[in-house]
Amino acid sequence: MQPVGEDIASPLLPTLPQRPDRRTIITESQSGANAADDDDEEVKKGWKFGRNEGSMGWGWKLCCAILYMLPWVDVTEKTVYFIERFPAFHWTEYFTEPFEHWFYIHEWAPLIIFFGTYLGIVRNKKISHVARYHIMMGIMLDILAMILIVIEENMPFGLLWTPWSDLFYALTFWFVFLLVAYCLLFCFIGWYCEIPLISEGVYMQIEQAEQMGSGGGR
């Protein structure tokens with residue numbers, strides 16, 4: 001006999017799934033977002049912040065400072081017209097004169113410096129990550145300086161004797177000068193120097209160099 005109050009047709013009806021509570025959905029979404037943030041933090045720690053295994057000694061600071069002079073030497077050769085027009089900045093040439101002979105002692109010297117520093121220093125995990133970062137940053141700034149030089153050499157001849165060329169030389173001078181000064185400051189402090197786009201390329205090059213080194217070791 002069926003008890004009173006019980007639904008007789010309940011065994012014949014399909015059981016409908018229960019709708020999840022709104023608070024449960026919000027909690028799960030928040031937990032998923034927190035997990036994603038934690039993953040991003042772990043990536044950051046492994047990508048840069050956790051890679052500074054040791055401080056950078058003064059020997060490596062001087063080595064990085066010398067390499068930072070390479071893009072400055074390249075640019076001062078092309079911005080000589082700007083320095084002649086504004087003699088107040090003639091003192092900047094004193095920083096490059098001791099390095100011009102050694103950087104260009106041979107036509108293959110810049111290429112030798114690039115492969116020597118990239119293969120011998122950037123790939124070496126025994127060297128602190130911040131030192132390798134500044135070494136690679138010097139190489140990237142030199143590549144940027146070479147791009148500006150290529151642009152200057154391919155400018156239309158009609159623009160070389162116009163105020164637009166003076167503006168280009170002035171912008172090139174100050175752009176590279178401020179970048180080198182900024183990187184040198186953080187180099188001697190022993191910190192990472194963040195430059196949009198360029199820093200990301202430096203991190204990627206260091207990671208690729210480390211993968212090449214570990215692959216060669218196997």
Side-chain angles (χ1 to χ4, degrees), residues 44-77 89 91-149 173-218:
K44 288 182 179 180
K45 290 180 180 179
W47 183 249
K48 170 190 143 181
F49 296 99
R51 299 301 305 276
N52 191 7
E53 296 90 354
S55 59
M56 184 169 52
W58 278 103
W60 285 112
K61 289 180 181 179
L62 292 176
C63 181
C64 296
I66 292 174
L67 193 61
Y68 276 131
M69 289 295 102
L70 183 58
W72 185 237
V73 168
D74 293 336
V75 169
T76 51
E77 291 187 354
F89 300 100
W91 58 272
T92 57
E93 293 184 345
Y94 297 122
F95 293 97
T96 60
E97 288 180 357
F99 305 101
E100 288 180 359
H101 174 71
W102 297 106
F103 286 157
Y104 298 103
I105 193 172
H106 191 270
E107 60 180 352
W108 296 101
L111 191 63
I112 294 173
I113 292 173
F114 170 77
F115 283 105
T117 53
Y118 185 81
L119 300 178
I121 298 177
V122 179
R123 290 177 59 184
N124 192 352
K125 295 183 180 181
K126 296 180 181 179
I127 303 172
S128 63
H129 188 266
V130 64
R132 292 182 288 147
Y133 175 87
H134 281 285
I135 291 291
M136 194 65 218
M137 178 62 74
I139 297 175
M140 294 293 287
L141 291 184
D142 185 55
I143 295 174
L144 179 62
M146 296 303 295
I147 293 174
L148 294 176
I149 291 173
F173 176 88
W174 284 111
F175 180 66
V176 179
F177 175 76
L178 294 176
L179 282 180
V180 171
Y182 171 76
C183 293
L184 283 174
L185 174 63
F186 279 81
C187 173
F188 285 113
I189 296 175
W191 293 353
Y192 292 89
C193 53
E194 294 294 334
I195 302 175
L197 300 179
I198 301 178
S199 296
E200 298 300 326
V202 171
Y203 291 129
M204 292 176 61
Q205 291 297 326
I206 294 176
E207 287 291 325
Q208 292 178 3
E210 290 179 350
Q211 293 176 3
M212 289 171 56
S214 61
R218 289 194 298 264

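Note that this is a predicted model, so its numbers are computed, not measured. Excluded from the calculations below are hydrogen atoms, water molecules and symmetry mates; all remaining heavy atoms, backbone and side chain alike, are included.
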When every non-hydrogen atom of F173 is compared with those of V75, the smallest separation belongs to CA-CG1, 4.4 Å
Quick check on L197: does its CG atom have over 12 non-hydrogen neighbours (other residues, nucleotides or ligands) under 6.0 Å away? no
I want to check something: taking the side chain as every heavy atom from C-beta on, are I121 and W60 in contact at a cut-off of under 4.5 Å? yes
Determine the sole option in V180, D142, T76 for which the side-chain contact (heavy atoms from CB on, under 4.5 Å) test with M69 is passed. V180
Has K61 got a side-chain atom pairing as donor or acceptor with F188's backbone, closer than 3.5 angstrom? yes
R123 vs E210 side-chain heavy atoms within contact, under 4.5 Å: no
Can you find a pair of side-chain heavy atoms, one from I135 and one from C63, that are under 4.5 Å apart? yes
Listed once per pair and sorted, the side-chain hydrogen bond (donor to acceptor under 3.5 Å, both in side chains) pairs that draw on residues 64-73, sequence neighbours left out: Y68-H134
Given side chains that start at C-beta, do those of Q205 and V122 come closer than 4.5 Å, heavy atoms only? no
Under 4.5 Å between any side-chain heavy atoms of L67 and M137, yes or no? no
For the CD1 atom of I139 and the CG atom of L70, what is their distance to the nearest 0.5 Å? 9.0 Å
Are side-chain heavy atoms of P71 and M146 found at a separation under 4.5 Å? no
In this structure, CG of N124 is separated from OG1 of T117 (nearest 0.5 Å) by 12.5 Å
Less than 4.5 Å apart, any side-chain heavy atom of C193 and any of L185? no
Nearest heavy-atom approach of A65 to C187 is N-SG, 4.4 Å
Using only atom types and a distance under 3.5 Å, with no angle test, would you say the side chain of R132 pairs donor to acceptor with the backbone of I127? yes
Non-neighbouring partners of S199 that pass side-chain hydrogen bond (donor to acceptor under 3.5 Å, both in side chains), sequence neighbours left out: Y133
Closer than 3.5 angstrom, by distance alone: can the side chain of Y182 be matched with the main-chain N or O of E194 as a donor-acceptor pair? yes
Within-4.5 Å side-chain heavy-atom neighbours: V176 and L141: no
Shortest non-hydrogen contact between V130 and G190, atoms and distance: CG2-O, 3.8 Å
